[in-house]
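Following: one structure in structure tokens, then a few remarks.
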2 protein chains.
Amino acid sequence: MPKPTTRDMIEEKADDLFYETGFEATSFADIAKAVGISRGNFYHHFKSKDDILDAVIDRRMAKTKAMLTTWEEDAAPRDRIVSFIRLMIANKAKIMAYGCPVGTLTTELTKLDHDAHSRAADIFGLFQDWLAQQFAALGHGARAQKLALHLLGRSQGVAVMASAFKDEEMLTSEVAALETWLDQLEPLSPVKG
Amino acid sequence: MPKPTTRDMIEEKADDLFYETGFEATSFADIAKAVGISRGNFYHHFKSKDDILDAVIDRRMAKTKAMLTTWEEDAAPRDRIVSFIRLMIANKAKIMAYGCPVGTLTTELTKLDHDAHSRAADIFGLFQDWLAQQFAALGHGARAQKLALHLLGRSQGVAVMASAFKDEEMLTSEVAALETWLDQLEPLSPVKG
DNA sequence: GACTCCCTAGGACACTTGTCCTAAATTCAG
DNA sequence: CTGAATTTAGGACAAGTGTCCTAGGGAGTC
């Protein structure tokens, strides 16, 4: 595989640091040290800190889209939704340490009154639309968007509490509860079959 | 009533600013301007920024305890829990603008790896214990703590999504769903009666 | 009035911030 | 190899950070 460009490495490390320590608390010096380049070199690749943030959000949107596509390998909409729910299990350690990357970034940008806030929220939009498609395929057309938003909210709540209390049991039991919730949704009248 | 001391005013304005713009993003200069005092004057009242944070957390804990006590004027545990749920309606505007004060502070302190993180999480602990008492009084003794944590998580999820999307409809409909959830909990075998 | 003590203002401090500039190093095309 | 373009390092910059110091103002007691 081609070796990553400096720009790629800046994006990658910035992505990690924004997640782990927050956007505001991450300085150019921190990113420079993580990448292993000089501070002044940034401005050849990004013209401002906000520019890096934009790139990180783009990057997260692209990765999210790719992940959602992967989950579509499961033919059954129900299983696709389960993939989403179990993402919290897969990312358990990071969620307990830093919360949800989407939720925490969006929340921070809201408080900073930052222009990029709505673009960060658009990542939630990607999840919501994709989940709504799956719920619609399960026969919940009219309330598909609402169910998607509900599921997103439940996930966010789990992430916030699990990281606040560093409580793995809470995370796993709430994930189980979400799967039960999914399988008990009514009415079940799939579009086809 | 006695006029507030300078220390009180610092705590109050710091509390507001930490909520509205975040702990890290709030500077001494910001607080000084809000209070109307000089920057150098702080160190007569607080010996560091962390000291102000400690005072703000103490203040929030005290206000939380007072609020929980107020809610106990309702004799019925069910109504007490409803008071908690409807707090999101009462604080709708602020929640949509800044999220939940407890959740967002705890999340930020987690990322900053700040010592006060666990003290901030203790505010969640106050809510959880109080809610667990109410669930226990409703006859859910064995799973009272778990139900309390579930309800806290649901609330956090609502706050995160409502502030991300600035979606008032989501907030009100999820609050209604929580009340439905509460009234459909089983088994209902109150301790007395 | 004199004295003490608490409170306040304002500036100095060392450091970090995001940003920008310049010059050298590197890469690559001809 | 030569020359142009890209990429890099390192430092300068003004502004802002949390912290600390000192001098004076104001209230209250003897």
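Keep in mind that what you see is a predicted model, and the values were worked out from it rather than measured. Below, chains carry the letters A, B, ... as their sequence lines are ordered, and counting in each starts from 1.
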Tell me, yes or no, whether the heavy-atom count around A/K166 atom NZ, taken from other residues, nucleotides or ligands under 6.0 Å, exceeds 12. yes
Would you call A/K111-B/E108 a salt bridge at under 4.0 Å N-O? no
Any side-chain donor paired with an acceptor under 3.5 Å for B/D8 and B/T5? yes
Given atom CD1 of B/I10 and atom P of C/dC7, what is their separation to the nearest angstrom? 11 Å
Under a 4.5 Å cut-off applied to non-hydrogen side-chain atoms, are B/F124 and B/L152 in contact? yes
Please report, rounded to the nearest Å, how far the C1' atom of C/dG10 is from the CZ atom of B/F28. 16 Å
Can you find a pair of side-chain heavy atoms, one from A/L17 and one from A/F23, that are under 4.5 Å apart? no
Test item: B/L109 and B/R119 side chains (from C-beta on) under 4.5 Å apart, heavy atoms: no
Would you kindly give the CG-to-P distance between B/N41 and C/dC7, to the nearest whole Å? 9 Å
Measure CD/A/E24 against P/C/dT17 and give the value in whole Å, please. 11 Å
Between C/dT19, C/dT8, C/dA9, spot the one nearest the side chain of B/H44, thanks. C/dT8
Rounded to 10°, tell me the angle between the two end axes of the helix from C/dG1-D/dC30 to C/dG30-D/dC1, each built from five pairs. 0°
Atom pair distance, as rounded to whole Å: NE2 in B/H45 and P in C/dC7: 6 Å
In terms of heavy-atom contacts, does NZ of A/K33 have more than 12 from other residues, nucleotides or ligands at under 6.0 Å? no
If each of A/D30 and B/G40 is mapped to the nucleotide of DNA chain C with the nearest heavy atom, which maps nearer the 5' terminus, i.e. the 5' end? B/G40
What is the distance from CG of A/D50 to C1' of C/dT19, rounded to the nearest Å? 12 Å
How about B/D113: does its CG atom have over 12 heavy atoms from other parts shown lying under 6.0 Å from it? no
Rounded to whole Å, please give me the gap between OH in B/Y43 and C1' in C/dA12. 14 Å
Span of DNA chain D, from the first to the last nucleotide whose atoms fall under 4.0 Å of chain B heavy atoms: D/dT17 to D/dC21
Under 4.0 Å between a side-chain N or O of B/T6 and OP1 or OP2 of C/dT8? yes
Say whether, by atom type as modelled, one donor and one acceptor occur between the side chain of B/Y19 and the main chain of B/G99 under 3.5 angstrom. yes
Just the rounded figure in Å: distance from P of C/dC7 to CG of B/D8. 12 Å
